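The structure presented is a predicted model; accordingly, all values stated were derived computationally and were not measured. The sequence lines fix the lettering, A, B, ..., with proteins before strands; numbering per chain opens at 1.
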Number of protein chains: 2
Amino acid sequence: MPDPLAPDMFAGCADHSTLPVRVGDKWTAKILACLRDGPRRFSELQVPLAPITPKVLTESLRAMERDGLVTRTAQPGIPPRVEYALTPLGSSLFAPLAASCAWNAAHGEELRKAREAYAAR
Amino acid sequence: MPDPLAPDMFAGCADHSTLPVRVGDKWTAKILACLRDGPRRFSELQVPLAPITPKVLTESLRAMERDGLVTRTAQPGIPPRVEYALTPLGSSLFAPLAASCAWNAAHGEELRKAREAYAAR
DNA sequence: CAGTATCCCGCTAGATACTG
DNA sequence: CAGTATCTAGCGGGATACTG
């Protein structure tokens with residue numbers, strides 16, 4: 001048997017998933033996209049992300065804030081007004097994200113075909 | 001309230017996750033890396049991927065085969081010999097994967113710092 | 001060697017309802 | 001408006017044991 005292969009292109013990602021930042025989850029990438037053109041309020045995010053629940057949106061935003069991807073700014077007053085904005089770190093994620101989308105555009109159909117062909121047995 | 005934002009950079013990925021192909025899971029990207037330099041047998045994959053269980057490795061490989069990312073070739077005979085190899089489609093995933101790794105290399109430390117700073121409260 | 005067969009656990013996310 | 005509080009379900013993944 002040959003020497004064990006070392007998938008060392010993932011050094012530093014060893015723990016649990018490929019990326020140390022969870023952007024492969026259900027909502028993070030979409031939230032990033034919604035914040036692309038400027039800060040948005042909580043309720044402004046809920047609309048395009050429907051049918052996301054407030055609980056899940058809050059959890060996602062907290063995780064992103066924790067990772068330094070977004071900032072949360074609350075103006076005191078009634079009614080409350082909270083704005084979420086991308087940090088430079090958050091914006092920098094559009095590069096790998098764009099690569100994924102490019103792959104999808106280029107090969108998505110091929111993948112769907114493969115899946116279809118596999119099912120046909 | 002302004003018009004609903006349209007995160008349309010994810011058009012075609014609408015169903016459930018960002019990518020239609022599950023490469024953000026725990027093992028797919030690593031399996032891809034292990035197959036990078038040529039076909040490998042089932043047991044050859046188990047070594048570098050330890051402590052993966054045979055069940056999970058089988059499931060992952062089946063999903064990748066279904067998506068047209070790898071081919072499975074079994075030579076009849078005893079003992080059985082099965083080889084897994086990348087397809088061109090599978091190889092094409094290294095492009096977006098490299099972008100993710102580049103981000104990680106460039107900003108991983110920054111993210112860790114942010115997380116640490118957030119915890120310090 | 002290359003898998004299957006069971007059983008099980010944690011975690012993400014959804015449903016629903018409530019509040020400062 | 002911007003959340004919080006519960007409860008629950010489903011799924012990816014793991015442990016262990018067995019087989020053609």
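- Here the nucleotide nearest the side chain of B:Pro80, chosen from D:dG3, D:dG20, C:dG14, is D:dG20.
- Distances shown here put every side-chain N or O of B:Arg81 at or beyond 4.0 Å from the OP1 or OP2 atom of C:dA2.
- If you check distances only, the side chain of B:Lys55 never reaches the base of C:dG3 with a donor-acceptor pair under 3.5 Å.
- Within the 4.5 Å cutoff, side-chain heavy atoms of A:Leu35 are placed close to those of A:Val70.
- The backbone N or O of A:Thr87 lies less than 3.5 Å from a partner atom in the side chain of A:Ser91, making a donor-acceptor pair.
- One can place CD of B:Glu59 at 10 Å from P of C:dT4, the figure rounded to the nearest angstrom.
- At D:dG3, none of the side-chain N or O atoms of A:Arg41 fall inside 4.0 Å of OP1 or OP2 (strictly under the cut-off).
- Counting to the nearest Å, the P atom of C:dA2 and the CZ atom of B:Phe42 are 8 Å from each other.
- Taking atom CG of A:Leu49 as the reference point, atom C1' of C:dG14 lies 15 Å away to the nearest angstrom.
- We find that CD of A:Gln46 is positioned 8 Å from C1' of D:dA2, with the value rounded to whole Å.
- Residue A:Asp25 contributes atom CG, which lies 10 Å from atom C1' of C:dA13 at whole-angstrom precision.
- For A:Leu61 and C:dA13, the CG to P distance is 13 Å, given to the nearest whole Å.
- For the pair A:Lys26 NZ and C:dC11 C1', the computed distance is 14 Å after rounding to whole Å.
- Minimum atom distance to the side chain of B:Pro54 is reached by C:dT4, of the listed C:dT4, C:dA13, D:dA2.
- In this structure, the side chain of B:Glu116 does not engage the main chain of B:Lys113 through any donor-acceptor pair within 3.5 Å.
- What you find for B:Glu83 and B:Pro39 is that their closest heavy atoms are OE1-CB, 3.8 Å.
- Residues A:Phe42 and A:Pro54 form a side-chain contact, since some pair of their non-hydrogen atoms from C-beta on lies under 4.5 Å apart.
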So what's the dot-bracket for DNA chain D: Watson-Crick or G-U pairs under 3.5 Å, [ ] if a pair crosses, | if it pairs off-strand?
||||||||||||||||||||
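- Phosphate proximity of C:dC1 to B:Ser43: absent, as no side-chain N or O sits under 4.0 Å from OP1 or OP2.
- The CE atom of B:Met64 lies 11.0 Å from the OH atom of B:Tyr84; values are rounded to the nearest 0.5 Å.
- Proximity of A:Arg62 to the phosphate of D:dT4: a side-chain N or O atom is located under 4.0 Å from OP1 or OP2.
- By the 4.0 Å N-to-carboxylate-O rule, A:Glu59 lies close enough to A:Lys55 to be salt-bridged with it.
- The shortest distance between the side-chain N/O atoms of A:Tyr84 and the OP1/OP2 oxygens of D:dG3 is below 4.0 Å.
- The CD1-C1' distance, from B:Ile52 to C:dA2, rounds to 14 Å in whole Å.
- One finds no side-chain N or O of A:Arg40 lying less than 4.0 angstrom from the OP1 or OP2 phosphate oxygen of D:dC1.
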